[in-house]
Amino acid sequence: QVQLVESGGGFVQPGGSLRLSCAASGYIFSRYTMMWYRRAPGKERELVASITSAGDSTNYGKSVKGRFTISRDNAKNTLYLQMNALKPEDTAVYFCNVNPGSLHYWGQGTQVTVSS
């Protein structure tokens, strides 16, 4: 029933920007903390950012702090990640995550490629 669908990835040059979206359904979106993760090929999954249910508190990984902004629109059941000043090392598949109770749900991911 729970579904998370990421979109907005693409190919950008270093210094460019992208905004990712995660459309959520199948649960009460506004009640749960949401997270963005990323995984580069052959590498471990990395937590990029998280945001509390009301959007009043956020957390960022060191590598993206100051460049990325996580946000949510509870009326639209949508999570966002604004990515600015992109670097080649940001290249990865980005996916959203929710952890209601003991369960974990993941989207299919959206590819972000940063290259000159």
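Below, each value reflects all heavy atoms present in this structure, side chains not excepted, and no hydrogens, waters or symmetry copies. For the single chain, residues carry numbers from 1 onward in sequence order.
Residue pairs satisfying the disulfide (SG to SG under 2.5 Å) criterion with at least one member in residues 9-70, sequence neighbours excluded, are listed as follows: Cys22-Cys96.
Looking only at distances, no side-chain donor or acceptor of Thr91 sits under 3.5 Å from a matching main-chain atom of Thr113. Of the possible donor and acceptor atoms, none in the side chain of Ser63 sits under 3.5 Å from a partner among the backbone N and O of Gly61. Side chain of Gln108 to main chain of Glu6: a donor-acceptor pair is present (N/O by atom type, distance under 3.5 Å, no hydrogens or angles). At distances below 3.5 Å, at least one donor-acceptor pair connects side-chain atoms of Arg72 with backbone N or O atoms of Thr52.
Looking at Asn84 and Ser17, their side chains do bring a donor and an acceptor atom within 3.5 Å of each other.
Atom CZ of Arg31 is surrounded by 12 or fewer heavy atoms from other residues, nucleotides or ligands within 6.0 Å.
Residues Val12 and Tyr94 share a hydrophobic cluster, clusters being chains of Ile/Leu/Val/Met/Phe/Trp/Tyr side chains in contact below 4.5 Å.
Side-chain contact between Tyr80 and Leu20 is absent, with no heavy atoms from C-beta onward closer than 4.5 Å. Considering only heavy atoms from C-beta on, Arg67 stays 4.5 Å or farther from Tyr60 through its side chain. Within the 4.5 Å cutoff, no side-chain heavy atoms of Val114 are placed close to those of Gln13.
The hydrophobic cluster containing Met35 also includes Tyr37, Leu47, Phe95, Trp106, under a criterion of side-chain heavy atoms closer than 4.5 Å among ILVMFWY residues, counted directly or through chains of members.
To the nearest 0.5 Å, the span separating OG1 on Thr58 from CE on Met34 amounts to 15.0 Å. From Ser50, atom OG reaches atom CG of Leu79 across 10.0 Å, with rounding to the nearest 0.5 Å.
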